[in-house]
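Have a look at the structure below, then the notes.
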Number of protein chains: 2
Amino acid sequence: MTIASHTKIRSPRQQVETAIEEMIVARSPGDRFPPGPELAKQLGVSRATLREVLGAFVERGALVRRHGVGTFVSSRIPVLESGLEVLESIDSLAQQIGLETEMADLEVLERTATPLEAQGLGTPAGKAALPVLIVNRVIAVAGEPIADLRDIVPLKYLRKEDLDQEFRGSILDLFLARSSPILSTSRTQIMVVSATAKFAQRLKVPLGSALLKLGAQLYSYDEEIVAYSVSYFVPGHFNFHVMRRVKQI
Amino acid sequence: MTIASHTKIRSPRQQVETAIEEMIVARSPGDRFPPGPELAKQLGVSRATLREVLGAFVERGALVRRHGVGTFVSSRIPVLESGLEVLESIDSLAQQIGLETEMADLEVLERTATPLEAQGLGTPAGKAALPVLIVNRVIAVAGEPIADLRDIVPLKYLRKEDLDQEFRGSILDLFLARSSPILSTSRTQIMVVSATAKFAQRLKVPLGSALLKLGAQLYSYDEEIVAYSVSYFVPGHFNFHVMRRVKQI
DNA sequence: TCCTATTGACTTGTCAGACAACTAATTTAT
DNA sequence: ATAAATTAGTTGTCTGACAAGTCAATAGGA
């Protein structure tokens with residue numbers, strides 16, 4: 001048994017993924033990519049592996065491949081990975097566009113989940129009461145509230161003690177930093193609601209004004225729901241968008 | 001030169017794609033997929049091609065692959081392809097869940113685009129006036145309005161004469177049926193607005209109530225914007241959701 | 001008996017090299 | 001000049017093989 005190095009072992013696939021991503025951001029929309037065989041050699045990887053990775057970027061809409069012609073950077077992506085299809089914390093989103101966020105009204109408590117919360121966590125109804133950690137807070141920029149976030153996490157995955165003084169308000173970032181549980185995807189429902197008295201007060205908006213509500217189940221790599229989060233956004237501060245592919249017939 | 005058959009030539013990739021899709025819907029979440037080599041032989045295709053297609057489904061979150069273990073149907077997809085990441089017309093969406101839709105207040109006109117519309121179509125400002133076709137209508141179910149749709153299409157791609165008596169209200173479906181232009185993706189902005197007097201009247205909702213607004217650029221295969229559409233949805237009739245992948249660090 | 005290695009079968013991940021299919025520009029023939 | 005044929009370059013697909021990971025069964029030691 002050799003002494004394990006502390007550098008993470010990254011599979012060829014992962015290496016190529018980040019390399020391609022860097023190549024894309026370094027190029028302008030419409031630019032040509034090096035031909036497959038050449039790029040594969042350059043990255044020290046087989047063409048098959050390279051093709052699998054390129055295919056993923058095509059699927060995401062970042063690259064366009066044309067049979068017999070070439071591979072090109074898509075001309076319709078202003079900034080890579082800024083859409084809703086990638087799950088990132090509000091903090092890192094704000095950081096990318098150079099915003100300083102503040103956290104207000106933080107509230108952390110442990111209790112049993114309400115039926116609605118249990119449903120959001122995918123627990124079959126009628127089961128024993130599920131103990132959860134509730135993290136509630138308001139995100140503000142320059143003193144102006146822009147979002148109200150509530151995370152519901154089964155105690156199995158996170159306890160009150162795990163939140164140290166440095167807690168910046170993002171359960172997602174916490175999980176990613178601990179790398180346990182390992183996260184994979186999130187299923188996010190998109191809704192609109194009118195501000196109730198409670199939210200009107202917390203977000204400093206008129207009663208009954210329109211809010212964007214996102215409800216998200218966070219899935220671990222082994223397909224467990226590790227968190228259910230509900231967010232309310234004040235319009236105008238974030239630009240959410242989604243790349244949708246057309247269902248060919 | 002042989003006489004061309006009227007059956008569309010489908011590449012191995014496309015054939016495998018539909019085959020896999022059928023396999024997924026025929027299975028239950030968590031079910032095991034046949035091992036790669038076996039499935040490849042069964043579909044009459046090489047394992048490399050199969051892997052590329054499977055990778056696309058993994059990227060979409062419909063399948064999960066585990067090194068050394070197997071490939072499984074994702075347990076987090078209730079119905080395949082019902083999320084926002086796939087662009088389908090309201091009609092086909094409604095049809096899938098067994099709803100009969102009606103079209104009301106249809107309005108079709110040709111004029112030049114307003115600056116805002118031109119911007120939505122990606123035309124550089126200050127250019128010559130862009131002639132467009134405007135298609136406006138309300139979608140209703142059982143007499144109850146659920147959405148207000150407006151499509152803005154440059155006359156280059158669609159003229160008033162192209163809309164026959166059978167026009168069902170969906171520009172998307174029309175383009176798909178004509179298969180010209182060939183569509184690829186759509187970039188959709190997600191917003192919330194309060195109903196103005198105009199929309200309150202058209203959608204029969206209280207003035208100032210919350211509406212979900214989607215603004216979408218429709219891209220052709222050669223990356224031209226062929227339509228800009230703005231939709232207003234009355235809450236509660238559609239469940240929009242998005243699968244978001246977690247950005248690993 | 002119980003616990004711990006080891007083995008082996010199975011599956012996905014990666015590799016190498018080759019050829020087919022397609023596109024666009026160039027060249028040739030009419 | 002126009003149209004057809006050629007050619008170079010690129011993506012699409014195929015074949016067969018081996019590496020790497022997982023898991024259960026088995027053998028060995030306490």
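The sequence lines fix the lettering, A, B, ..., with proteins before strands; numbering per chain opens at 1. These numbers come from the heavy atoms of this one structure, side chains and all, not from hydrogens, waters or symmetry mates.
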Figure out the [atom1]/[atom2] separation between [X] and [N], and round it to whole Å.
X      : N      : atom1 : atom2 : answer
B/L50  : C/dG13 : CG    : P     : 11 Å
B/F33  : C/dC10 : CZ    : C1'   : 18 Å
A/F72  : C/dT23 : CZ    : C1'   : 10 Å
A/L39  : D/dG12 : CG    : P     : 14 Å
B/R65  : D/dG21 : CZ    : C1'   : 14 Å
A/L54  : D/dT13 : CG    : P     : 14 Å
B/Y221 : D/dT11 : OH    : P     : 12 Å
A/R66  : D/dT10 : CZ    : P     : 15 Å

Problem - Whichever of A/G44 and B/R32 has its nearest DNA chain C nucleotide further upstream toward 5' - result: B/R32
Practice task
Before giving the answer on side chain to side chain contact (heavy atoms under 4.5 Å, CB included), spell out for B/E17 and B/F57 the whole-Å C-alpha distance, their side-chain angles and the decisive distance to 0.1 Å.
Solution key: CA-CA 9 Å; B/E17 245 162 21; B/F57 282 92; 4.2 Å; yes
Between [options], which one does the side chain of [X] approach most closely?
X     : options                : value
A/P37 : C/dC15, D/dT13, D/dT11 : D/dT11
B/A48 : D/dT15, C/dT11, D/dT10 : D/dT15
B/V45 : C/dA24, C/dT12, D/dC14 : D/dC14
B/H67 : D/dT13, D/dG21, C/dT14 : D/dG21
A/E52 : D/dT11, C/dT14, D/dT15 : C/dT14

Is the phosphate of [N], meaning OP1 or OP2, less than 4.0 Å from a side-chain N or O of [X]?
X     : N      : value
A/T49 : C/dC15 : yes
A/T71 : D/dT11 : yes
A/R13 : C/dG13 : no
A/R51 : D/dT11 : no

Fill in the blank from the handout: So salt bridge (charged side-chain N to carboxylate O under 4.0 Å, His left out) across residues 36-55 of chain B, not counting sequence neighbours, yields A/R51-B/E52, A/E52-B/R51, B/R13-B/E52
Problem - Side chains of B/L176 and B/L183 in contact at under 4.5 Å (non-hydrogen atoms) - result: yes
Handout entry: Contact check, side chains of B/L43 and B/L50, non-hydrogen atoms, under 4.5 Å
Key =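 Sidechains of B/L50 and B/L43: in contact.
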Problem - Distance-only donor-acceptor test (3.5 Å): side chain A/R47, base D/dG12 - result: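 When only heavy-atom distances are counted, A/R47 does reach the base of D/dG12 through a donor-acceptor pair under 3.5 Å.
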Exercise for the section: Give a yes or no on whether a salt bridge exists between A/E117 and A/R150, defined as a side-chain N under 4.0 angstrom from a carboxylate O. Expected result: yes
